[in-house]
Amino acid sequence: MDVRDHLRDALRNALGRAGVDPLPDEIALERPANLDHGDWSSNVALATAKSAGKNPRELGQALVDALSAELPAHVTGVEIAGPGFVNFRLADSWLHNVLVEVLEEGVDGYARSDLGSGAHLNVEFVSANPNKPLHAGHGRGACYGDSIARLKERCGFRVTRETYINDRGVQMTNYANSLAAAKVGGPIPEDGYQGAYIHEWAAEMPVDADPLEWGLERGKRSHAATLETLGIHHEIWFSERSLVASGAIDAAMDDLRTHEAVFEADGAVWLRSTDFGDDKDRVLVKSDGDLTYLTPDIAYHRDKFDRSDLLFNVWGADHHGYVARMKAAMQLLGHDPDELEIAITQMVDFVKDGEPMKMSGRSGNQIDLDDIIAEVGPDAARFTYLMQSVDSRQTFDLDEVAKKGMENPVFYVQYAHARICSILARAVEAGVERAPLEAVDVALLVDERELALLRSLEELPDIVRIACIDNAPHRVAAWAREQAAALHGFYHDCYVMGDGVSAGLTQARLALVAASQVGLQIALDLLGVSAPESM
RNA sequence: GCCCUCGUAGCUCAGCGGAUAGAGCAUCGGCCUCCGGAGCCGUGUGCGCAGGUUCGAGUCCUGCCGAGGGCGCCA
């Protein structure tokens with residue numbers, strides 16, 4: 001049983017004895033930032049005082065008296081502080097239990113939860129046009145989407161990673177025409193694509209190839225290769241053309257009509273999206289009979305719902321205006337709005353040599369994601385994209401991110417892991433045999449550095465859960481930096497082996513670094529960053 | 001004009017309604033007889049403005065100011 005459960009039970013008991021009725025549904029417990037305020041703290045006296053008609057300080061004191069009469073497990077003291085906090089002081093044994101728990105559950109089991117209850121979640125991300133290489137901005141959505149998928153998997157969702165290929169429409173025709181023109185050395189059409197990649201790809205293209213079909217595959221291959229360097233795999237590359245071929249668009253239109261979600265006006269067919277909060281109704285079929293961009297996309301989301309319980313989309317900031325209409329469309333089809341979650345990633349600015357980065361020549365009007373990865377490496381790219389909340393605009397400084405030293409957070413964290421591996425390897429070389437966990441006296445870990453490492457490890461399950469609920473992988477990145485800092489501090493002050501370190505303490509510290517390794521591996525895996533054994 | 005996101009230290013950013021707001025970089029200064037000094041420790045400055053809700057607000061609400069993005073029978 002978690003320490004918190006013990007504390008909650010005890011608090012509930014104490015509240016009853018203090019005459020609070022009814023008991024509050026939830027009893028908040030938190031780890032105070034300041035250790036002077038104890039190891040765990042509850043605001044329950046503050047929260048319930050009013051409804052119980054009591055003074056918070058007095059209620060708090062009553063709780064402290066009741067709790068002190070019979071201290072919960074691990075607790076060495078209870079006191080009231082500030083406006084009415086009940087603060088618990090715990091023996092180090094509660095942290096020693098954390099160590100045992102981490103090692104017993106391991107990388108696969110620790111910090112896992114069942115928030116998702118096995119629900120099938122479809123995470124759609126990247127979904128870039130196949131007519132040019134991925135650009136640097138795509139990197140953020142790509143790394144974010146993949147990390148979201150990893151978080152959701154760890155929290156009990158069954159996840160499918162999917163990307164949507166816009167393989168029909170005007171821009172595909174323009175792309176094919178550009179390839180065809182470049183192939184014969186002619187001028188690129190007015191509406192065509194100007195980047196150097198068009199000429200590179202055209203040179204690869206067999207003379208008898210259909211520029212559109214060949215170009216589509218070439219573009220997809222380019223995207224897949226770039227994503228591969230980041231360790232990102234989509235199980236499904238969903239073709240927009242396949243929607244047309246399968247009749248899914250007609251089926252979606254029929255479905256919308258059945259739900260009375262559309263009407264005709266001015267020769268066009270409109271979606272009643274204002275029924276569910278959109279600013280205005282949206283055209284689905286133009287007066288010339290063509291579909292708008294929205295229509296196949298609705299059919300696509302409808303198709304995804306046929307295959308999953310929940311949808312998660314990662315869209316760029318330029319698509320935010322699209323959120324309301326898609327959510328409205330899904331509600332018009334009878335879905336709960338919460339079943340479709342849409343995350344918007346804000347823009348990224350790239351800086352190099354202290355200057356805003358210029359558009360690269362290769363792809364015309366964009367900075368290629370490949371170039372960013374080549375410059376800083378996949379691990380640094382992923383960690384950097386994920387270090388910060390996607391809600392805020394990001395400045396990506398290539399000079400900082402490319403640094404191979406400890407001032408670079410990704411190396412700082414990875415080095416912590418490598419350092420642990422080095423210690424464990426050193427122990428093997430020195431002929432130190434690891435004792436089974438039951439035989440390790442974890443109570444020997446009393447140094448503040450050792451306890452700090454354990455306090456941080458104890459937080460990981462909460463961090464993962466919060467990161468999952470808030471769709472915030474950056475919380476995991478922040479945790480990894482803290483754990484790494486705790487490890488480096490421990491390493492500096494506490495020798496695992498050497499003069500004056502008893503055999504028993506060596507065993508306990510080996511267990512401790514092994515637990516830290518478990519935590520770091522979990523965090524780095526959630527971020528999609530490698531955990532190197534040496535650097 | 002409307003919608004979305006953001007505004008925290010000189011810079012880049014954390015901060016699940018809690019107590020004295022934290023990291024990295026940059027500045028200045030300490031620490032190597034042993035597991036990797038690619039490290040550790042110390043040092044200064046800050047929540048855009050004004051109201052509100054709350055026992056308690058950087059966090060929630062409203063307004064204003066500022067930045068970016070979006071407002072098409074384009075995709």
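In what follows, chains are A, B, ... by sequence order, proteins preceding strands, each numbered from 1.
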Base, sugar-phosphate alone, or nothing: which one does [X] contact when heavy atoms must sit under 4.0 Å apart?
X: A/M535; value: base
X: A/L46; value: base
X: A/Q394; value: sugar-phosphate
X: A/D279; value: nothing

Is there a Watson-Crick or G-U wobble partner for [N] with both distances under 3.5 Å, and which nucleotide is it?
N: B/C73; value: none
N: B/C28; value: B/G42
N: B/G66; value: B/C6
N: B/G37; value: none
N: B/G56; value: none
N: B/C47; value: none
N: B/A19; value: none

Can you check whether any acceptor in the base of [N] is under 3.5 Å from a donor in the side chain of [X], or vice versa?
X: A/H320; N: B/G70; result: no
X: A/H492; N: B/C41; result: no
X: A/S287; N: B/C73; result: yes
X: A/S389; N: B/A14; result: no
X: A/N87; N: B/A19; result: yes
X: A/N43; N: B/G18; result: yes

Taking the [atom1] atom in each of [N] and [M], what is the distance between them to the nearest angstrom?
N: B/C28; M: B/G68; atom1: C1'; answer: 36 Å
N: B/G22; M: B/C16; atom1: P; answer: 14 Å
N: B/G66; M: B/G30; atom1: C1'; answer: 42 Å
N: B/A21; M: B/C35; atom1: P; answer: 39 Å

Per-pair stack call A/F85 and B/A19, 5.5 Å, 30° =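 Base of B/A19: stacked against A/F85.
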pi-stack flag for A/H319 and B/G70, centroid dist under 5.5 Å, interplanar under 30° | no
Stepwise, does the side chain to side chain donor-acceptor pair (under 3.5 Å) test hold for A/H319 with A/N313?
-> CA-CA 11 Å; A/H319 276 69; A/N313 292 354; over 6 Å; no
Residues A/D281 and A/R272 bridged, charged N to O under 4.0 Å = no
Does A/K304 pair with A/E162 as a salt bridge, N-O distance under 4.0 Å?
->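 Not counted as a salt bridge, because no side-chain N and carboxylate O are separated by less than 4.0 Å.
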Under 3.5 Å, side chain of A/S42 to main-chain N/O of A/L29, donor-acceptor pair present?
->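 No; zero donor-acceptor contacts below 3.5 Å.
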Between A/Q346 and B/G68, is there a side-chain N or O to OP1/OP2 distance below 4.0 Å?
->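 Answer no for this pair, as no side-chain N or O of A/Q346 is under 4.0 Å from OP1 or OP2.
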With ring centroids as reference points, do A/Y385 and A/Y144 lie under 6.0 angstrom apart?
->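 Here the rings of A/Y144 and A/Y385 have centres that are no less than 6.0 Å from each other.
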From the candidates B/C55, B/C73, B/C71, the one with an atom nearest any side-chain atom of A/K50 is B/C55
Listed nucleotide nearest any side-chain atom of A/K286, set B/G24, B/C73, B/U12 |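 In terms of side-chain proximity for A/K286, the closest of B/G24, B/C73, B/U12 is B/C73.
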Do A/R481's NZ or CZ and the ring of A/Y412 fall within the cation-pi criteria of under 6.0 Å and 45°?
-> no
Base orientation of B/C34, chi within 90° of 0 counted as syn, else anti, reads anti
Do A/L256 and A/L284 come within less than 4.5 Å of each other through their side chains, counting heavy atoms only?
->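 Counting from C-beta outward, A/L256 and A/L284 do come under 4.5 Å.
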